[in-house]
Amino acid sequence: MKKIPYGRQYISDEDIEAVVRVLKSDYLTQGPNVQEFEEAFATYIGCKYAIAVSNGTAALHLCTLALGVKEGDKIITTPITFVASANCVRYAGGTVVFADIDPETYLLDIDKVRELLISAPQGTFKGIIPVDFAGRPVNLEQFRQLANEFNLWIIEDACHAPGGYFIDSKGTKQNCGNGNFADLAIFSFHPVKHIAAGEGGMITTNDEKLYHKLRNLRTHGIQQRPELRQFNHGLWYYEMQELGYNYRLTDFQAALGKSQLQRADAGLERRKGIAATYEKVFDGKPYIIRQTGIIEGHSYHLYVVEFHDRTRLYEYLRENNIFAQVHYIPIHLMPYYRQFGWNEGDLPKSINYYTHCLSLPIYPTLTKEEQAFVINTIDMFYE
Ligand SMILES: *Cc1c(COP(=O)(O)O)cnc(C)c1O
């Protein structure tokens, strides 16, 4: 029997042709496809600037560097996310402070963030990294107001949410990553994400200064604008002005990303359809503790449900070739973060969520039959 994973990529013939075209061209690493992908992605998201990088983690790292995170800076994020959302603070030497989740939305609880900010002297905290977890958009308008009160920057980790949006207080649709509230936003093109490029990432922003800084940092800290060089030795000359990295995306990955982007809306619709089916069949089932609910603007990277007896259900599904997954192990339980004093007693809402959560298969090529098999197998387990 075929394995059913919780998520998987969909590669079309057009995708393959797009990659092969690049392989036969003059450019392998950063070339014309990278710029075209950046422009197409910025248009899709509705922001001014997009910077393609080698992966989502590199995107996060460059963001903390560009915002000047340094040793001693405290940054707030959620424990229910992939470890990279927190690690980027550590790369730059900062301190990660986890605030608990809202048990209804699974997102960083703004009230908990406010409590932290109020309880410390002004200037203790430098920034917030909210995550559009599972594809559910964070209300960044509210986070922006709070951030302004305390003079903080915001990096939106929108890896789960390309195509997602929330409605602001004026009734306007605000796309995840559009840069209207967050200083910077980041995306990933890992194969389980909406848009697959093998590996790949994107930073989006409306801030021109940060845009130029990020472009330099992506390429070793070499000044990308010749007019801003301090010296000139001749036509061969390039100038490294600060310490950067090689976080470039290759041109064939960009071609794949660009090709995938054209199908992003179709994939999103398919995900919404799958989520709606799960919602309907689980409604009123006694084994469900909490369903996601149909949320406007949710982009359903994951379809998370809280189940009674989750661990045995997980094992039973595996025995039946259904590879549901737990997203995520709260980051503060990781041995690396425990060394900073975090333990099980902290952040009880996250721990409770972790005890019950399960991400069920959701991806554009999941067939109706496969989804029915997943649902029937769950029903059988609880019978
Ligand atoms: C995937 C992911 C990342 C990291 O992206 P990579 O491209 O795998 O480095 C960061 N944050 C979240 C929430 C993610 O899901």
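When a residue number appears, it is its place in the shown sequence, counting from 1. All values reported here derive from a predicted model rather than from experimental measurement. Indexing begins at 1, ligand by ligand and atom by atom, following the structure's order.
Proximity to H160 (heavy-atom distance under 4.0 Å) selects the following atoms of ligand 1: 13 (C), 14 (C), 15 (O). Within ligand 1, counting atoms from 1 as listed, the ones closer than 4.0 Å to a heavy atom of N55 are 7 (O), 9 (O).
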*ring pair (Phe, Tyr, Trp, His ring centres under 6.0 Å) between H61 and Y91, intermediate numbers included*: CA-CA 7 Å; H61 183 192; Y91 297 156; 5.0 Å; yes
*Let me see the working for Y314 and F307 under ring pair (Phe, Tyr, Trp, His ring centres under 6.0 Å), right down to the final yes or no.*
CA-CA 10 Å; Y314 171 89; F307 287 102; over 10 Å; no
_Audit row: I203, L62, side chain to side chain contact (heavy atoms under 4.5 Å, CB included) steps and yes/no_ = CA-CA 9 Å; I203 306 169; L62 291 189; 4.1 Å; yes
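With a 4.0 Å cut-off on non-hydrogen atoms, Y328 touches ligand 1 through its side chain and not its backbone. Of the heavy atoms in T81, only side-chain atoms (C-beta onward) come closer than 4.0 Å to ligand 1. Neither the backbone nor the side chain of H301 has any atom closer than 4.0 Å to an atom of ligand 1 (non-hydrogen atoms only).
Using 4.0 Å as the threshold, S85 has a heavy atom nearer than that to some atom of ligand 1.
Annotation: cation-pi pair R263/Y10 present, NZ/CZ under 6.0 Å from the ring centroid and within 45° of its normal. With F323 as the aromatic partner, K3 meets the cation-pi criteria of under 6.0 angstrom to the ring centre and within 45 degrees of the ring axis. For K258 and F37, the positive end is not near the middle of the six-membered ring at less than 6.0 Å and at most 45° from its axis.
Scanning the protein for heavy atoms near atom 1 (C) of ligand 1, the closest one is K193 NZ, 1.5 Å. Closest to atom 4 (C) of ligand 1 among all protein heavy atoms lies T57 OG1, 3.6 Å.
Taking each of G56, A197, A161 in turn, the one with a heavy atom nearest to atom 6 (P) of ligand 1 proves to be G56.
Checked by distance only, ligand 1 and S188 come closer than 3.5 Å through their nitrogen or oxygen atoms. The N/O atoms of D157, backbone and side chain alike, include one that comes under 3.5 Å of an N/O atom in ligand 1.
How far CZ of F282 is from CD of Q291: 7.5 Å, rounded to the nearest 0.5 Å.
Separation of the H327 and Y6 ring centroids falls under the 6.0 Å cut-off.
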